[in-house]
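Just so you know, ligand 1 is whichever comes first in the structure, and atom 1 is the first atom listed for that ligand.
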Amino acid sequence: MEILQNVPLKPLTTFKIGGPAEYFCAPETKEDISKALQFAKEKSISVFVLGGGSNMLISDRGIMGLVLSPSPKGIAKIQEDNDSVIIEVAAGENWDKFVQYVIQQGWWGIENLSYIPGNAGTFAVQNVGAYGQEASEVVTQVEAYDTQTDSIVVIANEDCGFYYRHSIFNTSAKGRYIILRTRLRLGKLPKPNLTYPDLLKKFGAEATPSLSEIRNAVIEIRNKKYPFPVEAVGGNAGSFFQHPLISPELENRLRKNIQTNFPEEVQKRFAEEEQKFKSRKTGLKISAFLIDICGLKGLQVGGAKINENQPLVVLNMGTATSSDVMELAREVREEVYAKTGVPIPIEPELVGFTTTEINDYLNLGE
Ligand SMILES: Cc1cc2nc3c(=O)[nH]c(=O)nc-3n(C[C@H](O)[C@H](O)[C@H](O)COP(=O)(O)OP(=O)(O)OC[C@H]3O[C@@H](n4cnc5c(N)ncnc54)[C@H](O)[C@@H]3O)c2cc1C
């Protein structure tokens, strides 16, 4: 394994934004990782783990230190009984190609997670979820390199600390484990999960669609909302804005602000939103609505633009810099906060920025 210098990171992210890595390597084995970590130790530089680069915004300056991109490959069947299989996928495999493979085998459990960019190694890190399915429901264990003990460890599902889009790997133990392989238990008997409203609408409650029909429906729905980052277009990082946690106090403040600052038609739409989410018991998923009523769909700063179809997504129109994206985020968050009182969190990890830069862009003075 070679350790390269000054490697452009832009092409290794789905946003297609960011400067170079000071050093870069793509280890495939435990020995490669040991060697890379030893190199970083000798040079007293930091180590950053990069997967498919689909959940991050890298600074235009790039990343100082060593960027380590775990690249073991392979898919293996570990165990099989009448109703299920245990399948192991290596961290460097592309997630969606793995989903395609699993669907071809006729195995159930991750079909609703079709068409999500990124590497299989990040599935457990992010507790990836969509359309009613989530990593925590299928992961049985991960095999990881423990950077504290320089050894390979196996971490069982119950020790992964899974909750919404989180695990120990991106919270309490962030940076400690480098995931090399993930095992999933998948079903052999048809078990369509059509609980998500868009899928329910597409198939109806009584339907029994096949794995391929579900995958195609998910792709069709996603294509309308999330432009899948391909080489030809600029790129994006999926949902750039997150839904905030709305406490009863915040909801009251929001309701008051909607009554004071918005026309009757918006007040009616807000009442409908409240009703919709009350009946679903999922909390108020409100960010896209707030960006919309503040008239920010299509807002553009330099080469970065708020997507018209799904305003949670920031599009790189081809020439966006990280400063364009952060300036756009600042404008959106400040406008929404001023008019509604709701601070909208952002989703991607900000890499290579200083704390002062992040505070300057994102501090709302709450
Ligand atoms: C168009 C689009 C749609 C998306 N839709 C969804 C969605 O529906 N649901 C969803 O959950 N996410 C979604 N995402 C976000 C993203 O695709 C997922 O979170 C994905 O799992 C990130 O994988 P990655 O390999 O690109 O991770 P990266 O962005 O490279 O890394 C994410 C984090 O994981 C760490 N990491 C990476 N690899 C490893 C490893 N092997 N071991 C330990 N740590 C590691 C990194 O250090 C970083 O902190 C979407 C993104 C895009 C661009």
Side-chain angles (χ1 to χ4, degrees), residues 9 12-18 21 26-28 33 46-58 63 65-72 89-99 110 112-136 139 142-147 153 155 160 162-171 173-182 196 198 218-219 221-230 233-240 242 307 309-310 312-316 346-352:
L9 291 174
L12 304 183
T13 71
T14 59
F15 230 149
K16 307 282 179 247
I17 294 175
E28 289 179 23
I33 295 181
S46 58
V47 176
F48 178 76
V49 179
L50 175 73
S54 64
N55 201 40
M56 57 181 63
L57 174 64
I58 296 179
I63 304 179
L66 175 65
V67 172
L68 184 156
S69 186
S71 300
V89 59
E93 293 289 342
N94 174 275
W95 173 253
D96 193 50
K97 289 220 170 90
F98 172 63
V99 175
I110 53 172
N112 295 17
L113 304 176
S114 287
Y115 223 40
I116 297 178
N119 289 357
T122 329
F123 185 53
V125 176
Q126 304 284 105
N127 189 14
V128 168
Y131 303 101
Q133 290 182 337
E134 197 175 75
S136 65
V139 169
V142 300
E143 180 194 302
Y145 186 101
D146 182 349
T147 59
V153 292
I155 303 169
C160 289
F162 287 128
Y163 66 102
Y164 184 76
R165 299 297 170 271
H166 288 89
S167 68
I168 57 164
F169 310 110
N170 62 7
T171 55
K174 185 168 165 49
R176 173 168 176 179
Y177 299 109
I178 299 168
I179 294 178
L180 295 173
R181 279 172 195 84
T182 304
Y196 195 84
D198 282 352
V218 168
I219 292 175
I221 295 164
R222 294 189 76 94
N223 262 336
K224 288 193 190 128
K225 296 185 184 173
Y226 296 93
F228 200 73
V230 288
V233 294
N236 68 81
S239 293
F240 188 87
Q242 265 179 355
N307 190 13
N309 293 341
Q310 168 49 284
L312 296 182
V313 177
V314 171
L315 300 175
N316 172 2
I346 69 164
E347 162 91 29
E349 190 170 338
L350 302 175
V351 191

For E347, is the nearest heavy atom under 4.0 Å from an atom of ligand 1? no

Side-chain donor/acceptor of W95 to backbone N/O of G52, under 3.5 Å: no

Does ligand 1 come near enough to A237 that some N or O of the ligand is less than 3.5 Å from an N or O of the residue? no

Run the numbers for me: atoms of ligand 1, each under 4.0 Å from some heavy atom of M56, listed by number. 28 (P), 29 (O), 30 (O), 31 (O)

Judged on heavy-atom distance to atom 6 (C) of ligand 1, which of R222, Q126, R165 sits nearest? R222

The option among T122, D96, N223 carrying the non-hydrogen atom nearest to atom 32 (C) of ligand 1 is T122

Which part of V128 is near ligand 1, with near meaning a heavy atom under 4.0 Å away: side chain, backbone, both or neither? both

Hey, is ligand 1 close enough to L50 that some N/O pair sits below 3.5 Å? no

Heteroatom proximity flag, G51 to ligand 1, N/O under 3.5 Å: yes

Keeping T147 on the side-chain end and Y177 on the backbone end, is there a donor-acceptor pair under 3.5 Å? no

Does G53, backbone or side chain, put an N or O under 3.5 Å from an N or O of ligand 1? yes

Under a 4.5 Å cut-off applied to non-hydrogen side-chain atoms, are S54 and T13 in contact? no

Show the numbers, then the answer: is there a side-chain contact (heavy atoms from CB on, under 4.5 Å) between L315 and V313? CA-CA 6 Å; L315 300 175; V313 177; 4.0 Å; yes

Test item, T14 contacting ligand 1 (heavy atom, 4.0 angstrom): yes

Nearest 0.5 Å, please: how far is CD1 in I179 from CD1 in I155? 7.0 Å

At a 4.0 Å threshold, what atoms of ligand 1 neighbour a non-hydrogen atom of K174? 49 (O)

Please classify the F169 to ligand 1 contact at 4.0 Å (heavy-atom distances, strictly less than): side chain, backbone, both or neither. neither

Please state which part of S54 comes within less than 4.0 Å of ligand 1, counting heavy atoms only: side chain, backbone, both or neither. both

Side chain or backbone, does V49 bring an N or O within less than 3.5 Å of an N or O on ligand 1? yes

Is A130 in polar range of ligand 1, meaning some N or O pair under 3.5 Å apart? no

Is there a side-chain contact between I58 and I17 in this structure, where contact means two heavy atoms from C-beta onward sitting under 4.5 Å apart? no

Under 3.5 Å donor-acceptor, Q126 side chain and V128 backbone: no

Of the backbone atoms (N, CA, C, O) and the side-chain heavy atoms from C-beta on, which set of N119 has a member under 4.0 Å from an atom of ligand 1: side chain, backbone, both, or neither? both

Does N55, backbone or side chain, put an N or O under 3.5 Å from an N or O of ligand 1? yes

Check the pair V139, F123 against side-chain contact (heavy atoms from CB on, under 4.5 Å), reporting the backbone distance first and the verdict last. CA-CA 9 Å; V139 169; F123 185 53; 3.8 Å; yes

For the pair N127 and E134, evaluate side-chain hydrogen bond (donor to acceptor under 3.5 Å, both in side chains) and give the outcome as yes or no after the intermediate values. CA-CA 6 Å; N127 189 14; E134 197 175 75; 3.3 Å; yes

For G129 and ligand 1, does the shortest N/O to N/O distance drop below 3.5 Å? yes

Provide the number and element of each atom of ligand 1 under 4.0 Å from a heavy atom of G118. 23 (O), 24 (P), 25 (O), 26 (O)

Quick one: closest heavy-atom pair of T122 and G51, and the distance? OG1-CA, 4.4 Å

Applying a 4.0 Å heavy-atom criterion (strictly less than), which segment of L113 is in contact with ligand 1: side chain, backbone, both, or neither? neither

Decide yes or no on side-chain contact (heavy atoms from CB on, under 4.5 Å) for I178 and I33, but give the supporting numbers first. CA-CA 9 Å; I178 299 168; I33 295 181; 3.9 Å; yes

